[in-house]
Amino acid sequence: MKKDLAKVYDPKNVEDRIYREWLDKKYFHAGTRPRAKTYTIVIPPPNITGQLHMGHALDETLQDILVRWKRMQGYDTLWLPGTDHASIATEKKIVDALRDEGTSKEEIGREAFLERAWQWRAKYGGRIVEQLKKIGCSCDWDRERFTLDEGCSRAVREVFVNLYEKGLIYRGKRIVNWCPHCETTLSDAEVEYEEQDGNFWHIKYPYSDGSGYIEIATTRPETMLGDTAVAVHPEDERYKDAVGKTLILPIVGKEIPIIADTYVERDFGTGAVKITPAHDPNDFEVGQRHNLPVIDVMTDDGHMSANAGRFAGMDRYECRKAIVRELEEKGLLVSVEPMKHNVGTCYRCHTSIEPRISTQWFVRMAPLAGPAIDVVRDGKIKFIPDRFSKTYYNWMENIRDWCISRQLWWGHRIPAWYCADCGETIVSKDDPDCCPKCGSKNITRDPDTLDTWFSSALWPFSTMGWPDDAEDLKRFFPTDTLVTGYDIIFFWVARMIFSSVEHTGKIPFNTVLIHGLVRDAQGRKMSKSLGNGIDPLEIIDKFGADALRFTLATGNSPGNDMRFSDEKVEASRNFANKIWNAARFVLMNLDENEPAPHIPDEADLATPDKWILHKYNALVSEVTDALDRFELGMAVSRLYDFIWDVYCDWYIELCKTRLNAGGKAKETAKAVLVYVMSGMMKLLHPFMPFITEEIWQTLPHSGDSIMIADWPTAAEDDYAAETAEMEKIIEAIRAIRNRRAEMNVKPSRKTNVYVVSSSADTFAAGAEFFKKLASAEEVFAGEKLDVPEGCVSIVTPAASVYIPLSELVDFEAERARLNKELASDRKQYEGLTARLANENFTSRAPAQVVENERKKDKELEAKIAQLEAEISKLG
RNA sequence: GGGAGCAUAGCUCAGCUGGUUAGAGCGCUUGCCUUACAAGCAAGAGGUCACAGGUUCGAGCCCUGUUGUUCCCACCA
């Protein structure tokens, strides 16, 4: 047995070695307990472009805690890992690389481009996986998946074709969110709104007949090049006679009608709205109602198109300036009103979105949303905390059709072909070689790919072999817990739910554990642009993975953000070190060939043993209950308190005398120390896997790894009486220390201790503890006792304690102190007595509560009597 | 415009279904190198639980309102 452990715990000597052992022994592998119940988590697949950031670290830590805990409870546990192809982000990396090489994706062509992307994935896609391993993730790496691998791709195609055949996927011309930088559409969820300073330009639109003008206001003057009408409210008195007349569109010079539509708000702006059907969703609808022409004045990359006439080729913002300048020159600009407004931006590159007419593929959401709402409403899927179900309902109930086609190459290519001869659209699971309608070979495949989130939406079942009736799917699907941040509910969680319900007829998971964001020490979001991100790997390097995990688990309550700072990790590191040293202490008292952890014969147990076992049993149920409720932060802080305050600060100290004494007493103390320490390590293992394994392996143990050890179960004990006795002693020791500290008595100065108490036997039996922990020379205990003159008196509910320090006693101060304590106790006693006299309280409060109050009342009564006696002794 | 969260010690936060005198970490004060640990030990100071009402025998916790703050959704050009 290895006992010469270093004084300071060094994670670097431990973590990688232990992780490798776990891997070698295949402990992460699922499916090895065929008769056990399953517990399954699928990882939220990190992007292959990604570097592990603090958000991942939190997310993975929480998942690993759950998975390790369930594994120890005997479940056949699967944590399925994998990565996401992240179409936009990855494509951008490749495009950038090509640009640096002086070429472009168009130049090298689709096939070569995809080859590059796969190379890129091979090179960098594994990086994040290695980083997950550093934090100790117990994923089943044999089942690692990728959203663009063969199986996932087959599922995507199956789903697309099924939905198309059911009429739930359609192709249509709609206003979409267009990112001019990424040059693709985005779904509504992928647009982030930012408040920006802008202007409200008021412009004159003259009547064609020369009878004056209508004033309109716009925040995007460049779009006027695509105006095809001006709309007013049908009941607006001001424009009653204008409807039906025409205006001359300034700069363009073309005639446009004035139409009436209830969409217009009379009270806003001038009450007249320019209608640009190609660049605004509302205008598009107005245009549909009034059969207006649709003129797209922009290009894919945010420049003005040929439809913009002489402005063609100009950047959209340059064009805006040019238009305003020209309006001003022509005297058509009435005013410029500065205003803040929300501008939609691309969630990847934060370029302003251009609403734009386009023919795209959409998922019809209304029929999918209903059943997806029901499974949450019926309690089949639970959000933790529950308030996020409201967020979910709100989104699902108001959802619009989902634009799923992307003008990208890296992704799942849409399985649709168009026949050049008859115009047929062919959507098929297998690539067709001719048009099934007219037989023409002249068919071309849609060039677009699908939204990345379309494939992630299938993740819980596409990774397990669906649509086949695969073994894993049968055994591990539906999964159990999904752990993710609240920022991703719409993108992913909601879409997994409706996809799974639609395609498998089952819920994808029963519980969604939502966590918040990890912020910096000032509470700011960690971001690249702010440069305030903290690299988890650096933290691991500096403090160890266990310390990082402990910090993330401790600071976290479901759904809430947390602040991260080095100081917090330091505290966690110190805790790891504390455990390490406690283990060192236990180990240095052990002999060769100690038996495996066990509880000694009850007859041999000393009071502190029964006390710690009683508290340990309570701990086991508290920790397990907290985990059952997904209160991981609660569970881990209970462990922290027990290990540090109960086991280290008290139990170890209480054992020292017996350990020195040797013999049977030592054997018993050792056994209980080992038993409780081993149990604590098991309870802590999900949170701090490395150090607990290292210590568990060093302690006597049975089995090969703490990872597959049995999760402790709380034993029934009847040690309540001994526990109460021990607490009396501890209380008295604390009181003595307190008095000595107040009087500045050095620990090295020993004094006799006299304890007068009705529980004198308890204190007599605890004499060794007073000697060891309260600087006692000799301990005298009795129900009545001859106490020397000139003692300091210390009153606890259970005892009056006297220590002869006459020369140090300031009798005036002593009297004042006792009186102060008496006053405070009396006040409390009166409150209690009043409460107990209240019929309303005694009859309505639970019996247990009343009982506790009575007990407390009696204790206080006794203590007050003692204090009064002491005061009168002082004269 | 709609919805949600937060407000507890100097700082960061716990406080589980309402039940003694509200806790922790960090910081601060005092004393200790007590043969596991100075990344430690012992003791201590510090809070009218944002504010105002209400329900209750009892409220940090439940209800109503107010203030401050953060976030999400919607997007009147």
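Throughout, protein chains are lettered first and strands after them, A, B, ... in sequence-line order, and every chain is numbered starting at 1.
- Within residues 573-582 of chain A, the residues having any heavy atom closer than 4.0 Å to RNA chain B are, in order of number, R573(A), N574(A), N577(A), K578(A), N581(A), A582(A).
- In this model, the phosphate group of rA14(B) is approached by a side-chain N or O of S557(A) to a distance below 4.0 Å at OP1 or OP2.
- Residue F490(A) is in sugar-phosphate contact alone, with no base atom involved, counting any heavy-atom pair closer than 4.0 Å across all strands shown.
- Stretches of at least 3 consecutive Watson-Crick or G-U wobble pairs, with each checked distance under 3.5 Å, appear in RNA chain B as B:1-7 with B:67-73, B:10-13 with B:23-26, B:28-32 with B:40-44, B:50-54 with B:62-66.
- Heavy atoms of T219(A) sit under 4.0 angstrom from primed sugar atoms or phosphate atoms, though from no base atom.
- Considering only side-chain atoms of V849(A), the nucleotide from rG15(B), rU21(B), rG19(B) that sits closest is rG19(B).
- In this structure a side-chain-to-backbone donor-acceptor pair under 3.5 Å is present from N532(A) to S527(A).
- For RNA chain B, the residues of residues 335-346 of chain A within the heavy-atom distance limit of 4.0 Å (strictly under) are N342(A), sorted by number.
- Nucleic acid contact class of K746(A) (heavy atoms, under 4.0 Å, all strands): sugar-phosphate only.
- With C1' as the reference atom, rC28(B) and rC72(B) are 40 Å apart, rounded to whole Å.
- Within a heavy-atom distance below 4.0 Å of RNA chain B, the residues of residues 830-840 of chain A found are R835(A), N838(A), N840(A).
- With hydrogens and angles ignored, the 3.5 Å screen pairs no side-chain donor or acceptor of D261(A) with any backbone N or O of V286(A).
- A cation-pi arrangement, defined by a distance under 6.0 Å to the six-membered ring centre and an angle within 45 degrees of its axis, is absent between K568(A) and F550(A).
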Give me, pair by pair, the N or O atoms of the protein and of nucleotides 42-45 of chain B that are less than 3.5 Å apart, along with how far apart they are.
residue	atom	partner	partner atom	Å
rA42(B)	O3'	R737(A)	NH1	3.4
rG44(B)	OP1	N738(A)	ND2	2.8

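- Each of R387(A) and R400(A) has a nearest nucleotide on RNA chain B; the 5'-most of these lies closest to R387(A).
- E742(A) has its side chain within reach of R817(A): a pair of non-hydrogen atoms, C-beta onward, lies under 4.5 Å apart.
- Residues of residues 221-235 of chain A that place a heavy atom closer than 4.0 Å to RNA chain B do not occur.
- Annotation: cation-pi pair R220(A)/W201(A) absent, no NZ/CZ under 6.0 Å from the ring centroid and within 45° of its normal.
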